[in-house]
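These numbers were taken from a predicted model, which means no experiment stands behind them. What's counted below: heavy atoms across the whole structure, side chains too, no hydrogens, waters or symmetry copies.
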Amino acid sequence: QLQASGGGLVQAGGSLSVSCAASGRTFSSNAMGWFRQAPGKEREFVAAINWSGGVTYYADSVKGRFTIARDNAKNTVYLQMNNLKPEDTAVYYCAAGRSSWVTTRLPDYGYWGQGTQVTVSS
């Protein structure tokens, strides 16, 4: 089970950190990803990290502003979001990949958290 937390309301230009803790099993061998879904839009890829944390990949829209990290000892993945924009408003979901390697494709993720709301006001 994946439990996302840390969402909230922030002004444009501000920062927010969300985290995703796994319970019941370990995902230390799995790639992990963050996706988001805004109202009326499809779920989209945000960031991913490989099993060791040594490889990361970002959507162009968040590159340079968001940072994904993981702590396998704590079975937790993080997403630090800086310089937030109103268009970043969405429900953010964490997911565990079916393999160890970074991927941007939704079907490559087999375990999903429940999502946490991030709202950026202008």
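- A side-chain donor-acceptor contact under 3.5 Å links Thr76 to the backbone of Lys74.
- A cation-pi contact, defined as under 6.0 Å to the ring centre and within 45° of the axis, is absent between Arg70 and Phe27.
- In this pair, Trp112 and Tyr93 present their aromatic rings perpendicular. The plane angle is above 60°, beyond the 30 to 60° band.
- With hydrogens and angles ignored, the 3.5 Å screen pairs no side-chain donor or acceptor of Asp108 with any backbone N or O of Val102.
- Atom CE of Met32 is separated from atom CG of Leu79 by 11.5 Å, given to the nearest 0.5 angstrom.
- Within the 4.5 Å cutoff, no side-chain heavy atoms of Met81 are placed close to those of Val10.
- Considering CZ of Arg36 and CD of Glu42, their distance stands at 14.0 Å, rounded to 0.5 Å.
- When the side chains of ILVMFWY residues are joined at heavy-atom separations under 4.5 Å, either directly or via intervening members, Tyr92 and Phe45 end up in two distinct hydrophobic clusters.
- Clustering ILVMFWY residues whenever any of their side-chain heavy atoms sit less than 4.5 angstrom apart, transitively, puts Tyr78 in a cluster other than the one holding Val62.
- Heavy atoms only, all atoms of each residue included: Val91 and Gly115 are closest at CG1-CA, 3.8 Å.
- Taking SG of Cys20 as the start and CD of Gln114 as the end, the distance is 8.0 Å to the nearest 0.5 Å.
- Linking ILVMFWY side-chain heavy atoms closer than 4.5 Å, directly or via other members, places Val77 and Tyr109 in two distinct hydrophobic clusters.
- Looking only at side-chain heavy atoms (C-beta outward), Thr104 and Phe35 stay at 4.5 Å or farther from each other.
- Judged by distance alone, the side chain of Ser17 and the main-chain N or O of Gln80 form no donor-acceptor pair under 3.5 Å.
- Between Leu16 atom CG and Gln11 atom CD the span is 12.5 Å, to the nearest 0.5 Å.
- Side-chain atoms of Ser5 and Ser19 include a donor-acceptor pair closer than 3.5 Å.
- Considering Thr56, Val55, Thr103 in turn, Val55 is the only one that fulfils the side-chain contact (heavy atoms from CB on, under 4.5 Å) rule with Asn50.
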Can you check side chain to side chain contact (heavy atoms under 4.5 Å, CB included) on Gln117 and Thr89, steps first, answer last? CA-CA 8 Å; Gln117 177 71 47; Thr89 295; 4.0 Å; yes
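- Across all non-hydrogen atoms, the minimal contact from Pro86 to Ser122 is CG-CB, 3.8 Å.
- For the atom pair OH of Tyr57 and NZ of Lys63, the computed distance is 5.5 Å after rounding to the nearest 0.5 Å.
- In this structure a side-chain-to-backbone donor-acceptor pair under 3.5 Å is present from Asn75 to Arg25.
- Without hydrogens or angle criteria, Tyr58 side chain to Ile68 main chain gives a donor-acceptor distance under 3.5 Å.
- Of all heavy-atom pairs between Thr116 and Gly7, the closest is OG1-N, 3.1 Å.
- Atoms CH2 and CD1, from Trp34 and Ile49 in turn, are 12.0 Å apart once rounded to the nearest 0.5 Å.
- Considering every non-hydrogen atom in both Arg65 and Asn83, the closest pair reads NH1-O, 3.0 Å.
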